[in-house]
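Notes follow once the structure below has been shown.
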Amino acid sequence: MPSATSKQSTLPASWLLSPRKEQRTCPSPGRQQTSLKSTAALSTVSPPSAVKSVRKGPKKDAKAPTPHKKHTPLIPIDPSKKNYNKRITDVLSELSKTEKNIGNQWKAQAYSKAILSISAYPKPLVSGKEAQDLPGVGGSIAKLVQEIIETGTSERVQNEAKDERLQTISMLMRVSGIGPSAAAKFYDELGVRSISDLLHRPLTRHQKIGMKYFNEFEKRIPRAEMDRWQAIIKDVLEDIDDRFVVTIAGSYRRGQDTCGDIDVLLTHPEFTTSSSSDETPNSNHSVLLQLVISRLHEKGYLTDDISLGDVKYMGVCKLPDVPNTEAHIHRRIDIRLSPIDMYWPAVFHSTGSDQFNRWIRSLAAEQGYTLSEYSLRTKDKKSGAVGTPLRISSEEDIFRLLGVEWRAPEQRDW
DNA sequence: GTCAG
DNA sequence: GCTTATGCGC
DNA sequence: CTGACCGCGCATAAGC
């Protein structure tokens, strides 16, 4: 009900409501989907290769997909392989979670890294010492591993499991908008001991929404529903301006059967970095996202807004209910608007997986580049000086420039 | 907590 | 009122 | 021994 977002669609966006060109050129709506699996992953749309000029014939382009060979070091871990040390990694996961709850993100991450390499170890560990040879496993974790091998668990984990405060904080943090700091404050200063206690406490807008949909947000989104959202969003956007380019990224793009939320990336040929930096009259991109959001509201797809700025929206959506059917579940949806010259790095980044991104970034660094969600730039290893962003007109460009063989999104799932 | 510098 | 810091999510 | 480990958009609190 709050939704402060009601900046109605009084926003004129001159070039926006542009001539509905002939008809569907670019982002042809969802159709294609249906045959998911492989195609679905490439989810999206037509890559407008060059900034301007494009938008012509049917989606041609896609660059010449001619990857050079260039063996990729394949450091990757095969996720399908068996974990011979599950007992150990399970315990370490608890420790990672605890550190995260306390706000020690780096320790939490360190445990996660150790978990990854231990999971990939091809046989059961026999000693902590053996574990310490693995990347990410130092003396401290080696000791833990030794303890787990000997006793089957860790005393520390046992104690933490009995710790009321930790357990409660862990629970509170399941509410979207409550992090380590707020959870600790609720417990220590406001006497909160359960989720329901929160109802009588001052909450931020985000936290109220987190409470309202506490159960729904933890439910996974079936791929079929994701397909529907993709079609809907493309449809609404094309209705506004058929030059919008849309990608549903995240695990959906990697072909997963279920997803945690809906991650939408958006760009428009007339929204470029230059047009965003200077304040020319044409930089009405500042209303672009607002326009999109108000349109989605009008159509009844959005139910709550968590945040809305010029380039990023976070909110809640729900498919229209059909009479005599079970109501649909509320879903978290994020929509980001990128200048077109930053679009493919953004798509690449948001497609993940996180692990894949870490790997590719380290690879980039080795080759004298720095890759972010905004750009791919050269970077001098010595001086650290970075160059200007390279022109990226497709995901393939990124692979090609890094000398890595193309990997479809499903192959980045690690 | 781990690793690189 | 305006500016900066912090929390949060990703 | 010390700092990096992604760091940025948005909402809200804190500071002036």
Side-chain angles (χ1 to χ4, degrees), chain A residues 2-5 92-93 95-118 128 131-145 154 156 172-186 202-210 217 249-251 259-265 276 286 289-290 293 304-316 332-339 342 345-346 348-362 364-366 370-375 379 381-382 384:
Chain A
S3 44
T5 336
L92 294 180
S93 290
L95 291 167
S96 177
K97 185 180 165 193
T98 300
E99 295 298 348
K100 182 188 169 197
N101 293 342
I102 298 175
N104 297 330
Q105 64 158 309
W106 302 122
K107 287 194 182 184
Q109 183 175 300
Y111 280 115
S112 296
K113 185 179 178 188
I115 290 167
L116 281 181
S117 53
I118 292 176
Q132 194 161 356
D133 291 334
L134 299 174
V137 179
S140 181
I141 293 181
K143 205 167 180 178
L144 278 165
V145 170
S154 151
R156 212 186 111 198
L172 297 179
M173 284 179 60
R174 288 167 59 192
V175 177
S176 185
I178 296 181
S181 176
K185 186 179 217 174
F186 279 128
L203 300 175
T204 66
R205 159 203 281 278
H206 185 168
Q207 290 162 349
K208 285 175 194 164
I209 292 171
F217 284 173
S251 53
C259 303
D261 62 3
I262 304 164
D263 186 11
V264 183
L265 291 179
S276 71
S286 60
L289 184 58
Q290 272 86 353
I293 298 308
D304 303 82
D305 305 313
I306 293 171
S307 67
L308 172 60
D310 286 348
V311 297
K312 190 178 78 172
Y313 170 81
M314 298 176 72
V316 185
R332 278 279 294 105
I333 182 169
D334 292 347
I335 303 178
R336 277 171 296 158
L337 175 65
S338 300
M342 296 186 191
F348 184 89
H349 173 84
S350 298
T351 298
S353 64
D354 287 346
Q355 199 185 335
F356 175 79
N357 285 346
R358 276 194 285 277
W359 173 71
I360 202 87
R361 281 201 305 267
S362 67
E366 287 172 15
T370 175
L371 175 65
S372 73
E373 73 172 297
Y374 302 108
S375 63
K379 178 173 184 176
K381 288 183 184 175
K382 296 262 182 187

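Residue numbers begin at 1 in each chain, while the letters A, B, ... track the order of the sequences.
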Listed pairs, N/O of protein and of nucleotides 4-7 of chain D, under 3.5 Å:
none

Exam field: side chain A:Arg332 to backbone A:Met314, donor-acceptor pair closer than 3.5 Å: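 Not at all, since once roles are kept as given, no pair shorter than 3.5 Å links the two residues.
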
Provide the closest heavy-atom pair for [X] versus [Y] in the form atom of the first, atom of the second, distance.
X	Y	value
A:Ala182	A:Gln207	CB-NE2, 3.9 Å
A:Val145	A:Ala131	CG1-CB, 4.0 Å
A:Lys100	A:Pro180	O-CG, 3.6 Å
A:Ser338	A:Ala346	OG-CB, 3.8 Å
A:Ser117	A:Val137	OG-CG2, 4.3 Å

Give me the distance, rounded to whole Å, that separates [N] from [M] when you measure between the [atom1] atoms they each carry.
N	M	atom1	result
D:dT2	D:dC6	P	22 Å
B:dT2	D:dG7	P	22 Å
D:dC5	C:dG9	P	22 Å

Rounded to the nearest 0.5 Å, what separation is found between the CZ atom of A:Phe348 and the CD1 atom of A:Ile360?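 If I round to the nearest 0.5 Å, the distance is 4.5 Å.
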
Calculate, to the nearest 0.5 Å, the distance between atoms OG1 and CZ belonging to A:Thr370 and A:Arg361 respectively.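 That separation rounds to 9.0 Å.
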
Non-neighbouring partners of A:Asp261 that pass salt bridge (Lys or Arg N to Asp or Glu O under 4.0 Å), sequence neighbours left out: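 Scan of A:Asp261 (salt bridge (Lys or Arg N to Asp or Glu O under 4.0 Å), adjacent residues dropped) gives none.
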
Report the residues that fulfil salt bridge (Lys or Arg N to Asp or Glu O under 4.0 Å) with A:Arg358, sequence neighbours left out, ordered by chain and then residue number.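 For A:Arg358, no residue satisfies salt bridge (Lys or Arg N to Asp or Glu O under 4.0 Å) once neighbours in sequence are set aside.
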
Just to be sure I understand the rule, does [X] reach a base, reach only the sugar-phosphate, or reach nothing, if contact means heavy atoms closer than 4.0 Å?
X	result
A:Asp334	sugar-phosphate
A:Asn104	nothing
A:Ser176	sugar-phosphate
A:Ala182	sugar-phosphate

Any side-chain heavy-atom pair from A:Leu144 and A:Tyr111 closer than 4.5 angstrom?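 Side-chain contact under 4.5 Å: yes.
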
Just so I know, are the side chains of A:Asp334 and A:Lys312 near enough to count as touching, which here means a heavy-atom distance under 4.5 Å?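 No, too far: nothing below the 4.5 Å cut-off.
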
So where does chain A start and stop touching DNA chain B, 5' to 3', when the test is distance under 4.0 Å to a non-hydrogen atom?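 Extent of the interface on DNA chain B: B:dG1 to B:dC3.
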
Does a salt bridge link A:Asp263 with A:Arg336, judged by any charged N lying under 4.0 Å from a carboxylate O?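 Here A:Asp263 pairs with A:Arg336 in a salt bridge, since their nearest N and O are under 4.0 Å apart.
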
Give every pair of a protein N or O atom and an N or O atom of nucleotides 11-15 of chain D that lie under 3.5 Å apart, one pair per line with the distance.
from, atom 1, to, atom 2, distance (Å)
D:dA11, OP1, A:Leu308, N, 2.8
D:dA11, OP1, A:Leu308, O, 3.4

I'd like the 5' and 3' limits of the part of DNA chain C contacted by chain A, with heavy-atom contacts below 4.0 Å.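 On DNA chain C, the outermost contacted nucleotides are C:dG7 to C:dC10.
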
